[in-house]
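Below is one structure; the comments refer to it alone.
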Amino acid sequence: MSLEVSQQIMIEKTKNSKLDQVDFDHLPFGQVYTDHMFVCDYENGKWQQPKIIPYQNISLDPSAKIFHYGQSVFEGMKAYKDESNDIWLFRPVENQKRLNISAKRLAMPEIPAEYFMEGLKTLLLLEKDWIPTTKDSSLYIRPFMFASGNGFHASPSDNYKFIIACSPSGPYFGGQLKVLIEQKYSRSANGGVGFAKAGGNYAGQFYPTRLAIEKGYQQVIWTDDTTHENIEEAGAMNIFVRIEDTLITAPTSDRILDGITRKSIIDIARDQGIKVEVRNISVHEIVSAAVDGTLKEMFGAGTAAVISPVDAFGFQEKDYELPKLDESYAIQLKKRITDIQYNRSEDKFGWRYAVK
Ligand code: PLP
Ligand code: COI
């Protein structure tokens, strides 16, 4: 099956590579795009011939449903290059499955696994020179699907586009990370789309996040929409807190993205003997622990964020600093997960995926 798809992919190579214009020593996050993109259209009830074409603009009718009703889902992945120039992905099938979970919730068609995987592999092999080897850099991969069909009727589109675009990228966060625990606005609600990686989930966060940025924070930590007492996740990552020597993270639900980094960190931490609790964690518990000194760490976990230690959090007009630890769990866990991702260590969990 997979061979059939790769044989079908029509490839049109660019005549004007932009590769020599890129400063690989100073890569921003997600702002430089590679020469090609994978595109597959869904029309007449089925996925059409997949293509790899030069990276370019997309032309859509102003009535396209993506503009009005927001049917749009995406994924975030990374490709890593090791010292022998071999290319690796991290648990890509999890992303492929999650894209379809998101698509289903938004009444969009599912993309067959072989289209996703073969499209991705063929694109990465074509773009292999774009995968950075500079420290903390990787090729960020953005698979996404949106409603390309026309009409103002508020109903699911008939047509969709699935695209994979890539961006050689440096770290997502630069410098200090201060987060604000939010109790007024909500990111998601029971029965809603919070678990989906849907564009609208991010749009809804931008205004409260802008208010937080104006106060000097970089990210919002969302609390549950019913009581606003338990922390859930941040705008672009799942959240872990360490109280004494126990690592705690909120359980996934309708409202939280089931992060691939999150579940990998839970497994790695347990594997190295760290006690991990997956349970509700109240703001009250975090603030009390910050006050009595038992709150040792807080960090975000995500593909873009990797593991991002939180320096301070704000809650109800007050800031709480986190201690600076030399051998923090965040440092240890980041080393372990990135060593697997960049093929610098053994992969006892079988998460690494060779692209060849
Ligand atoms: N939560 C949100 C809202 C995200 O956008 C992300 C990023 O993808 C995550 C969590 C972390 O998920 P993953 O580790 O699969 O990248
Ligand atoms: C990712 O970590 O890949 C994400 O999709 C987060 C995004 C908001 C940059």
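We're numbering straight along the sequence, starting at 1. Given the structure is predicted, the values throughout are model-derived calculations rather than measurements. Both ligands and their constituent atoms are indexed starting at 1 by order of listing.
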Next item on the list: Compute whether any side-chain donor of one residue and acceptor of the other, for Q183 and Q316, lie under 3.5 angstrom apart.
Entry: yes
Notebook entry, point to check: Do the side-chain N and O atoms of S84 and D86 include a donor-acceptor pair separated by under 3.5 angstrom?
Noted result: no
Notebook entry, point to check: Under the side chain to side chain contact (heavy atoms under 4.5 Å, CB included) test, which residues partner P323, sequence neighbours left out?
Noted result: L325
Checklist line | Under 4.0 Å from ligand 2 - residues by heavy atom, chain and number | finding: F74, G76, Y140, R142, Y172, K197, Y202, A236, T303, A304
Margin query: I'd like to know whether D258 forms a side-chain hydrogen bond (donor to acceptor under 3.5 Å, both in side chains) with T252, so could you lay out the CA-CA distance, the side-chain angles of the two residues, the decisive distance to 0.1 Å, and finally the verdict.
Written below: CA-CA 6 Å; D258 186 1; T252 52; 4.6 Å; no
Check: Would you call the rings of Y342 and Y80 parallel, tilted or perpendicular if under 30° counts as parallel and over 60° as perpendicular?
Finding: perpendicular
Next item on the list: Look at the rings of F240 and F299 and say which category their plane angle falls in: under 30° parallel, 30 to 60° tilted, over 60° perpendicular.
Entry: parallel
Check: Does E321 reach the main-chain N or O of A312 with its side chain, forming a donor-acceptor pair under 3.5 Å?
Finding: no
Notebook entry, point to check: Is there a donor-acceptor contact under 3.5 Å from the side chain of Q219 to the main chain of A236?
Noted result: yes
Checklist line | Pairs satisfying side-chain hydrogen bond (donor to acceptor under 3.5 Å, both in side chains), at least one member in residues 39-49, at least two apart | finding: D41-K161
Checklist line | Proximal protein residues to ligand 1, non-hydrogen atoms under 4.0 angstrom | finding: R98, R187, K197, Y202, E233, A234, G235, A236, M237, N238, L257, G259, I260, T261, A301, G302, T303
